[in-house]
Every structure is written in structure tokens, then in C-alpha cells.
Amino acid sequence: VELSVRVDDATLLVALDWPVVERLLGGRPVTEENMADALFDHRDLIERTLRAHLFAQGVPLSGQVVLDLDDFRFAVTD
């Protein structure tokens with residue numbers, strides 16, 4: 001899953017690693033509607049995780065960020 005995100009004066013392409021998507025779906029089948037609902041329901045979590053990632057590693061020159069389970073380790077639980 002890829003999201004276009006505006007940070008300060010930069011637009012980033014943020015990809016969510018598939019295991020993150022599975023956790024956010026919470027066992028629901030992978031459909032367009034379920035995906036949209038999961039992203040909407042977890043938008044604050046995704047934003048906080050992205051902010052933490054960028055704070056720790058900075059804004060990449062490539063404009064691309066991949067968030068994996070390690071990035072979500074304090075927020076996503078089984």
C-alpha cells in the first residue's frame with residue numbers, strides 16, 4: 001500500500017509493508033473497502049509512526065519511505 005503524504009515542503013511516497021497492512025486489517029479479508037476502512041481507522045497511528053520514523057532518520061532525498069513492523073513495534077500489537 002502506498003500513500004502520498006505532504007511533509008513540510010516535501011511530498012513523500014510512503015509504502016506500508018505487507019505485514020503492517022495485515023495487522024491493520026485485523027483479520028478482515030483484503031478488499032478495497034476493507035483496505036480503505038483500515039487506513040482511515042488507523043490514520044493517526046500511521047501519522048505518528050511516520051513522524052517518529054522521519055524524526056529518527058530524517059526526510060529521505062529519494063522522497064520514498066517504507067514503514068515496516070519494526071516502525072510500528074510500539075503501537076501495533078497482536
Side-chain angles (χ1 to χ4, degrees):
V1 173
E2 294 180 341
L3 309 166
S4 181
V5 178
R6 186 102 174 125
V7 177
D8 296 329
D9 292 331
T11 299
L12 301 177
L13 183 61
V14 179
L16 300 178
D17 200 28
W18 188 249
V20 171
V21 173
E22 290 177 320
R23 293 273 179 101
L24 296 179
L25 282 169
R28 293 178 283 183
V30 179
T31 66
E32 186 175 343
E33 182 178 351
N34 287 344
M35 187 70 68
D37 288 346
L39 293 174
F40 183 81
D41 293 345
H42 295 95
R43 66 190 180 280
D44 292 334
L45 170 65
I46 295 166
E47 180 182 349
R48 285 192 316 271
T49 303
L50 176 60
R51 285 178 186 263
H53 180 91
L54 295 175
F55 181 78
Q57 299 186 19
V59 176
L61 294 176
S62 68
Q64 299 177 338
V65 176
V66 176
L67 298 178
D68 59 23
L69 281 178
D70 191 49
D71 294 305
F72 286 83
R73 69 186 171 276
F74 298 114
V76 178
T77 58
D78 289 327

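The shown structure was predicted, so the numbers you read here are calculated from the model rather than taken from an experiment. Counting from 1, the numbers follow the sequence of the chain as shown. Values below: all heavy atoms of this structure, side chains included; hydrogens, waters and symmetry mates excluded.
Residue L54 comes nearest to V59 through the heavy atom pair CD2-CA, 4.1 Å, listed as atom of the first residue, atom of the second, then distance.
D68 places a side-chain N or O within donor-acceptor distance of the main-chain N or O of D70, the cut-off being under 3.5 Å.
If you take CG on L39 and CZ on R43, they are separated by 11.0 Å, rounding to the nearest 0.5 Å. Taken from NE2 in H42 to CG in L25, the straight-line distance is 9.0 Å, to the nearest 0.5 Å. Interatomic distance, L3 CG to L12 CG, rounded to the nearest 0.5 Å: 11.0 Å.
No chain of hydrophobic side-chain contacts below 4.5 Å, direct or via other Ile, Leu, Val, Met, Phe, Trp or Tyr residues, connects V14 to V66.
The only option from V5, V20, L24, V1 that meets the side chain to side chain contact (heavy atoms under 4.5 Å, CB included) definition with I46 turns out to be L24.
You'll find the side chain of F72 reaches within 4.5 Å of the side chain of L16, heavy atoms only. For the pair V65/Q57, no side-chain contact is recorded, criterion being any heavy-atom separation below 4.5 Å from C-beta on.
Legend: salt bridge (Lys or Arg N to Asp or Glu O under 4.0 Å) pairs involving residues 50-59, not counting sequence neighbours, sorted by first then second residue: E47-R51.
Partners of L13 under the side chain to side chain contact (heavy atoms under 4.5 Å, CB included) rule, at least two apart in sequence or in another chain, are E2, Q64.
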